[in-house]
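Below, all heavy atoms of this structure are taken into account, side chains as well, without hydrogens, waters or symmetry copies. Numbers restart at 1 for each chain; the letters A, B, ... are given by sequence-line order, proteins then strands.
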There are 2 protein chains.
Amino acid sequence: MPRPRQALLSRERIVTTALALIDADGLAALSTRRLAAALGVQGPSLYNHFATKDEILDAVADSVTATVDVSAFGRYDWCEALRRWAVSYRAALAAHPNIVPYLAQGPGRRPAALAMADAVYGGLVRAGWPPARATHIGAALRYYVAGSALGSFARGFVEDPALYAAHPHLSQAHRLAGHQRSVDEGAFVLGLDALLHGLAAEYERTVAGLEPATARE
Amino acid sequence: MPRPRQALLSRERIVTTALALIDADGLAALSTRRLAAALGVQGPSLYNHFATKDEILDAVADSVTATVDVSAFGRYDWCEALRRWAVSYRAALAAHPNIVPYLAQGPGRRPAALAMADAVYGGLVRAGWPPARATHIGAALRYYVAGSALGSFARGFVEDPALYAAHPHLSQAHRLAGHQRSVDEGAFVLGLDALLHGLAAEYERTVAGLEPATARE
DNA sequence: TGCTCAAACTAGCGGCGTAAGTTTTCATCC
DNA sequence: GGATGAAAACTTACGCCGCTAGTTTGAGCA
C-alpha cells in the first residue's frame, strides 16, 4: 500500500493506542509491531511519525502528565495547593500504573512535565519558601507520589500464605493483595497528611513572620 | 566445551556480575548474552543456574535489598528506627539506581524484601500502632524511599537553558543537574523529616496514652 | 502538467530470550 | 572399580524485537 488518500496514522492516534495497550498488557508487552497492528498498519510505518520508540513513550508519558491539575497553586495557600496537586498527580499516575516506571525517570524534555514543575515551584516561591527549599519540597512530593504509583504496595505481596510462614509479623500479608485499592489509598493519604503536616510546621518555624505579608498568599 | 572440571559459573558470580553491568550500563543494556560474555561463557549457559532472566533480576534486586539495615527496630523508638531504616534503605537503592524500577515493583517472593517488611511492620506494631496503621506507615515510607531512589530528581532536568525559556520559574533549572547529589539528598532529608514529624504528631494524638506502657518501646 | 513531499509498503540486519539436544566431567552407589 | 545419572558447559535454532533502507504512489502546489 502506498500513501493512502486519508492518512491512517497521526501522532495522537499512535499515542492513545499505545497508552491503551500499555494499560492492558504492560509496558514490556508494547512493541512497535504490536502497536502498529493495533493501528491496522505495518511496524515501520510508525517511524514516519516518531523517530524512535522512546519518543512514542515520551509522548505517552506526557499525555498522562498533562491530565494533572496544577490550578490549585493559584487558588489556595501553598499547603492546600500541594495537597490537591499531589492527589491529582497520584490519580493521574494510578490510572496508568504501567507507564509510571518510564515516566518517573524525570521530566526530561516533556512539556507537560516541565509545565507542572514550573507551577509547583512557582507556587512555593510565591508563598515565601526560599528557592532552595521550594526545590526540595517539590522533589520530596514528587518522590512520594511517584513511589506511591510505581507499583501497588499491596499487590506486591503474593497471595500465597505459605510464603509468609517464616515471617512472624506477616501472617496476614497474603490478604493485602485483596484489599489493594484501600490499602494503597489509605497509605497514600496517611503519608501525604504527615508530610504536609511536617512541612507546615517547618514553614511556621522558618518562613512565617519573616516575610512581608505581600509575599504570602 | 563440555562440562569443565571446575564450574565456571555460580549463582553468586552471575548476580554480582549482573549488578555490575546494570550499574555501569543500565537495566535495558543487560542481556543474557552480554552478561554471559562478561562471565566468559556463552549465553544459554546461564540457564543452568537460573530458569529465566527475571529470576536473575530478582536475585540481583534481593542482593541489594539484603544490604538494608533494619536492626534499628530493636534498638530505638519507632520514629528513630523508621528514620534509620529509611536512610539505610535509600542509601542501598541510591548505590544502584538502575535496578530500582525493577526492585520497586514489590517484594514478590524475594526473601530479603520479605524480611525487611517483617521487621518494619513488627517494629511498628510493637510500638503500639494499630496493625492497619502500621501497614500504611510502612507503605508510605516505602513509597517515599522508592520514589527518591527511582530517578534522580535533579538529573531529570536537562542541562539546556533554552529548554526552560517558556517557564518563568524554571530559569535556573538547567543548573540542577550539576548539583544532583546535594539536591537529591537535601530533598530526601527534608521530606523524611517532615514525614516523620507528621507521623509523630499522629502518634501523640491517637496512640500514646491509650496503650499500656508495656506495649511501647 | 509536472515536482516534491508524505505516508504507507517490503525486505532485511543484528540482537534478544530461551528451548532443545549434545558432550563431557563429576559424584555416587552396587 | 565400573556403571549410572546429574551437572554444566556447548551449538543450533526459533520467533520476536527495534530499526534502516529503499520503493511506491497519492496529495498539494508551481
Inset, instruction - Could you tell me which non-hydrogen atom of A/A104 sits nearest to which non-hydrogen atom of B/L150, and how far apart they are? - result: CB-CD2, 3.0 Å
Inset, instruction - Check for a donor-acceptor pair, side chain of A/R109 on one end and backbone N or O of B/V158 on the other, with a separation under 3.5 Å. - result: no
Inset, instruction - Give a yes/no on whether any side-chain N or O of B/H49 is located under 4.0 angstrom from OP1 or OP2 of D/dA7. - result: no
Legend entry - Parallel, tilted or perpendicular: rings of B/F157 and B/Y164 (30°, 60°): tilted
Legend entry - Separation of atom OH in A/Y47 from atom C1' in D/dG22, rounded to whole Å: 17 Å
Inset, instruction - Using a 4.0 Å heavy-atom cut-off across all strands, classify A/L30 as base, sugar-phosphate, or nothing. - result: sugar-phosphate
Legend entry - Rounded interatomic separation in angstrom, taking CD1 from A/I56 and C1' from D/dG18: 10 Å
Inset, instruction - Can you figure out which of C/dT18, D/dC19, C/dT10 approaches the side chain of A/Q42 most closely? - result: C/dT10
Legend entry - Closest approach of A/A92 to A/V64 (non-hydrogen atoms, all atoms of both residues): O-CG1, 3.6 Å
Inset, instruction - Calculate the interatomic distance between A/R11 atom CZ and C/dA6 atom P; express it in whole Å. - result: 14 Å
Legend entry - Donor-acceptor pair under 3.5 Å, B/N48 side chain vs D/dA9 base: yes
Legend entry - A/V41, nearest nucleotide to its side chain (from C/dT18, D/dT20, C/dC9): C/dC9
Inset, instruction - From the options C/dG17, C/dA8, C/dG12, select the nucleotide whose nearest atom is closest to the side chain of B/R33. - result: C/dG17
Inset, instruction - Please tell me which of the listed nucleotides, C/dA11, D/dG18, C/dG17, lies nearest to the side chain of A/P44? - result: C/dA11
Legend entry - Heavy-atom pair of closest approach, residues A/R34 and A/A29: NE-O, 3.0 Å
Inset, instruction - Over 60° means perpendicular and under 30° means parallel, so classify the ring planes of A/W85 and A/F73, tilted if in between. - result: tilted
Inset, instruction - Kindly calculate the angle separating the two end axes of the helix from C/dT1-D/dA30 to C/dC30-D/dG1, each obtained from five base pairs, and round it to 10 degrees. - result: 0°
Inset, instruction - Could you pick out which residue, A/R34 or A/A51, lies toward the 5' side of DNA chain D when each is mapped onto its nearest nucleotide? - result: A/R34
Legend entry - Proximity to the side chain of A/L9 - top-ranked nucleotide from C/dC16, C/dA8, D/dC19: C/dA8
Inset, instruction - Starting from C1' on C/dC16, measure out to NZ on A/K53 and report it in whole angstrom. - result: 12 Å
Inset, instruction - Please check the phosphate of D/dA8 (OP1 and OP2 only) for any side-chain N or O of B/S45 closer than 4.0 Å. - result: no
Inset, instruction - Anything under 30° is parallel, anything over 60° is perpendicular, the rest tilted; go ahead and classify A/Y143 against B/F153. - result: perpendicular
Legend entry - C/dG15 phosphate, OP1 or OP2, under 4.0 Å from B/S31 side-chain N/O: no
Inset, instruction - Quickly work out the B/D54 CG to C/dG17 P distance and round it to whole Å. - result: 10 Å
Inset, instruction - Could you tell me the separation between the CG atom of B/L27 and the P atom of C/dG17, rounded to a whole number of Å? - result: 11 Å
